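The structure appears below as structure tokens.
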Amino acid sequence: MHQRRLPWRDDPSPYRVWVSEIMLQQTQVATVIPYFERFVAAFPTVDALAAADLSDVLTLWSGLGYYRRARLLHAAAREVVDAHGGRLPSTVEGLLGLPGVGRYTAGAIASIAFSVRAPVLDGNVMRVLSRLDAVDAPVDAAATQRALWARAEALVPADDPSAHNQAMMELGALVCTPRAPDCPACPWVDACAAHARGAAHLFPKKSPKAPARAVSVVAGLLGRSLADDAVLLARRPEDGLFGGLWELPATDLEARRAPASPRAALARAFRDRLGLDVDVGPHLAGLTHQLTHRTLSIDVFRVTAARGADPRPSWYTEARWVPRSAPDAVPLSTLTRKVLAAVGAA
Ligand code: SF4
């Protein structure tokens, strides 16, 4: 089977494998490649990453989503430098001690970068194994996970675990695909229970999903003056959704206690979170944004404040006037980019 050419495979140093595996958690390979290349060009070593400002790390991560990964990667780099002399631990146990490194990532780094006989179980490998054994139990159940990890471990050879693990992941990505597995091209076609049943597409089985929760958000566009295009952006707290990223001041309506209206909720958010009294004017845009477990509906209003009013952030950790023509001066989420694009002409 052919392997795809991926930049982290050309030079599988522990640091590059680690960065790539953190980026690949929850993000597709094709999306990750340009982010990976920019990231390792800016921070070529663990020491460079540890010495960087978190905001520079977040800026390079901007658009990749799941920003907690970037914060944990940065914290882990500092830990590697402070506690491990700048070298990544080479065992699964040692790697598991680092922020943001779970069992899958530890197995991938240990096997690919250090040739340790450790299993990996990502979504691709899970799909292959669940089909190979026609696993009828939901794969997201804890007992099934344990069984799949044990199965994955039993398959790893002592000789070249890196090649084996990467081949398993490639098999899932390129051959044993979710909808149309190419069974005739699969080395396990004669051993595969799901294929024998003619039912490969029915695996893996999953527990029924909870529907995404609908959340209403109101956001305010506050310009500094008529003379320039700067708007007020505020930095969210480190913990929680979009932690540490900048946005137009906003609140979700659930966070407000029984607001009289979206406009009243927005005015209260400016007062409580930024110490600003504002008037909420016309509705500028409405858009939706899908997250894994939430569907956000965002309504953006123009707001005005008394001339020269200065924000005093409390819930927000910082506030800054940022040119609307160059908002990337601060790390933004994809959602904030969408919101700024939606009000671009406002
Ligand atoms: Fe997947 Fe088909 Fe191979 Fe079974 S035979 S592991 S279903 S590609």
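In listed order, ligands and their atoms are each counted from 1. Reckoned from all heavy atoms, side chains included, excluding hydrogens, waters and symmetry mates. The structure displayed is predicted, hence computed values, not measured ones.
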Original post:
When you measure from the side chain of R302 to the backbone N and O of G281, does any donor-acceptor pair fall under 3.5 Å?
Top reply: no

**OP:** Examine ligand 1 and decide if any of its atoms is less than 4.0 Å from a heavy atom belonging to L132.
**Re:** no

**OP:** Tell me which one of C186, G172, C183 gets a heavy atom nearest to atom 2 (Fe) of ligand 1.
**Re:** C183

**OP:** Can you sort out which atoms of ligand 1 are near R131, meaning under 4.0 Å from one of its heavy atoms?
**Re:** 7 (S)

Original post:
R131 side chain to A200 main-chain N or O, any donor-acceptor pair under 3.5 Å?
Top reply: yes

Original post:
Among protein heavy atoms, which sits nearest to atom 7 (S) of ligand 1, and what does the distance come to when rounded to 0.1 Å?
Top reply: A200 CB, 3.5 Å

**OP:** Could you check which of P181, A193, C192, C176 puts a non-hydrogen atom nearest to atom 5 (S) of ligand 1?
**Re:** C192

Original post:
Any donor-acceptor pair under 3.5 Å linking the side chain of K205 with the backbone of S130?
Top reply: no

Subject >> Residues D136, R197: salt bridge by 4.0 Å N-O rule >> reply: yes

Original post:
Does R16 offer a backbone N or O that forms a donor-acceptor pair with the side chain of S20 under 3.5 Å?
Top reply: yes

Subject >> Proximal atoms of ligand 1 relative to V189 (non-hydrogen, under 4.0 Å) >> reply: 5 (S)

